[in-house]
Amino acid sequence: MCGIVAYKGPKLNAGKVVFDGLKLLEYRGYDSSGIAIHNNGNVEVFKKKGKVKNSEKLFKNSKISSNIAIGHTRWATHGEPSDVNSHPIVSYNKKYTIVHNGIIENYKELKSLLEDEGYKFQTDTDTEVLVNFIESCTSKSEDFAKGFSYALSKVTGAFGIVLMVNNNPDILYAARKGSPLAIGQFNGNFILASDASPIIKYTNKIIYLENDTFLKISGNSFKIFDFKLKSKNKNFIEVDLELQKVELGKYDSYMLKEIMEQPNSLTQTMLGRVKDNDITLGGITDENGNNLIEAKRIIIVGCGTSWHAALTAEYFLEKYLKIPVEVEYASEFRYREPIIYKDDVVFVISQSGETADTLEATKIAKKKGAVVLGIVNAVGSSIARETDEGCYLHAGPEIGVASTKAFTSQLLVLFMIGIKAGYLKRHISESKYYKMINQLKEIPSKVDEIIRESSLIEKVAKKIYKKDHCLFMSRGNNFPVALEGALKLKEISYIHAEGYPAAELKHGPIALIDKNMPVVVICTKSDEYEKILSNVMEIKARKAIVIGVLDPKNFHMKKHFDHYIEVPDTSKDFSPIINQIPLQLIAYYCAIYRGCDVDMPRNLAKSVTVE
Ligand code: F6R
């Protein structure tokens, strides 16, 4: 969602630092952008609806060069995407200029208080309410810090903000409640951003501002306070993120890059964990390992693609741990007073580690005394810090809005956890344990085999990209793969798509089938494949365009499909990782043929930091 970049320092050109950074945050999803910059005693604002290059062009025409600026990419919440609603936003009496990521929930109440004081508003945004509220509170307070922290403590909702003092180019404030903000410092230069990617070019030592704290940069030093004005420690962490990992390299899009790099990301996920004939998960201590083995129930919480990973894991964990596994949408879990016991183990899954609903679900599960383990990709993210412990994906930064490599690494981590726990619970024999470990090791090369044949998948996509609808179906542990295949297709190509358990089609969706409906059937080695074949016959009889994802065991079924994609033979347990790859590629090629921007699909944001 919204992205923030700010710079203050003696060394660099603030405008350039801000726009370079905003471009690195484009992946988060946005609909307008802007910059505010100090210029000879004034603050000038350049903002525009649409791409970053629009506001950058305006700014470049001004030829301003300065050493302090704040910038923003906005993903509209309150008020439509427009030039006027874009950030930065200047306060009513022109004392401050703000950029804001998040949502102010009590903005209506604050707005009416401010209107009573004579404030007038030019935008439809909650952000204008926030900056005016800060202006009002600080003007009534004996010093700025008191008024500022008072204002922040009265705001409900989520915010990451950077605030410029319009008559003082030597000071910059930032604050956080919910929405993340990272700070890098080098030789008296400061860069603030919504994530580390705009900062790592300059330094890899970063502070993630804690919730309910604010930062004051003055001259070449800075201090952090909580909202009660108590001074806080500066906890720098070293971020292991290389610039080349966030650059496109030879690819046209991050989505394609991330699909193609899965043999490597999956290898990285196993690195140091799957060795010789054993699985070692360093992120989970023996104590929590024991809690997992003794757990009466597992609950897995996530959103979107991460929820699909959870659903796939449900099949695996119930099979090998022999305890009930419940899978929950984080947004539903947090509001329905869930029953959680102390001997439950709760896994929270999140690529970004910043999803607002998943973060809140984490806090609720912790409060109820369950062991909460995170399965997160973004190192140092809010969920990673909030969970007791867990496993990082180590899949590398995922920039494309549609999650691809994170999904396959999430599955891999969940499988590794399940294999180890199943073995320790003696539901997996020693010989089966070794066999499964060897099967895991083979996954990256099997994924590579599919990727090398991607031109065949492109041909299949060419057959369906003009359609308005598409169904995906499978059974068992590949049913969630069908759901994920449908999600990928709809979010980046805007083809309406749904996933179903194959047997469910007869209970309603089969009414949709005619000669214009493509149905992608994931039909790899499975005890139920004879049954899937019956379902294929039913849709063929209704003239659907049937596309099969088949493995060598099922090649004899080719004749029943209009088109098919071959995937390598793998164990049924791990087939969801393999089978997802062609579905990612189908979505990618359909979107490209339809002329869609795969990295920035409309209306979507990479980290969903508001509920
Ligand atoms: C779909 C997608 C989203 C995310 C969801 C959760 O391609 O990326 O559905 O999976 O927003 O995000 P994380 O995993 O960051 O919590």
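Counting convention: from 1, in listed order, for ligands and their atoms alike. Keep in mind that the numbers below use all heavy atoms, side chains included, and drop hydrogens, waters and symmetry copies. Quick caveat: nothing in here was measured; it's all calculated off a predicted structure.
With ligand atoms numbered from 1 in the order given, ligand 1 contributes 9 (O), 10 (O) to contacts under 4.0 Å with heavy atoms of G304. In summary, the atoms of ligand 1 found under 4.0 Å from a heavy atom of Q351, numbered by their order in the structure, are 13 (P), 14 (O), 15 (O), 16 (O). Using a 4.0 Å cut-off to heavy atoms of S306, the atoms of ligand 1 that qualify are 10 (O), 13 (P), 14 (O). Taking every heavy atom of A402 and a limit of under 4.0 angstrom, the matching atoms of ligand 1 come to 7 (O).
K51 and D597 are joined by a salt bridge, as a carboxylate oxygen and a charged side-chain nitrogen come within less than 4.0 angstrom of each other. For K462 and E458, the salt-bridge test fails: no basic side-chain N is under 4.0 Å from an acidic carboxylate O. Between D357 and R334 there is a salt bridge, with a side-chain nitrogen of the basic residue lying less than 4.0 Å from a carboxylate oxygen of the acidic one. With respect to the salt-bridge test (charged N to carboxylate O, under 4.0 angstrom), the residues K405 and E398 do not qualify. Between R336 and E328 there is a salt bridge, since at least one side-chain N of the basic residue sits less than 4.0 Å from a carboxylate O of the acidic one. Using a cut-off of 4.0 Å between Lys/Arg side-chain N and Asp/Glu carboxylate O, E326 and R297 are scored as salt-bridged.
In this structure, atom 11 (O) of ligand 1 lies nearest to the protein heavy atom V608 CG2, 4.0 Å. The single protein non-hydrogen atom nearest to atom 7 (O) of ligand 1 is E491 OE2, 2.5 Å, given as residue, atom name and distance. From the protein, the heavy atom lying nearest to atom 12 (O) of ligand 1 is T355 OG1, 3.4 Å. Ranking the protein heavy atoms by distance from atom 5 (C) of ligand 1 puts C303 O, 3.6 Å first.
M270 CE to S409 OG: the interatomic distance, rounded to the nearest 0.5 Å, is 9.0 Å.
Panel note: side chain S493, backbone I495; a donor-acceptor pair is recorded below 3.5 Å.
Contact annotation for K488 and ligand 1: only side-chain heavy atoms (C-beta onward) come within less than 4.0 Å of the ligand.
Considering S403, P601, S350 only, the shortest heavy-atom separation from atom 8 (O) of ligand 1 involves S403. Counting heavy atoms only, T305 comes closest to atom 3 (C) of ligand 1 of the residues T305, I375, I492, V348.
The shell of residues lying under 4.0 angstrom from ligand 1, judged by heavy atoms, excludes I383.
The environment of CZ in F316 is crowded: more than 12 heavy-atom neighbours from other residues, nucleotides or ligands sit within 6.0 Å.
Distances between N or O atoms of K606 and those of ligand 1 include no value under 3.5 Å. For a threshold of 3.5 Å applied to N or O pairs, the pair formed by T358 and ligand 1 contains no separation below that value.
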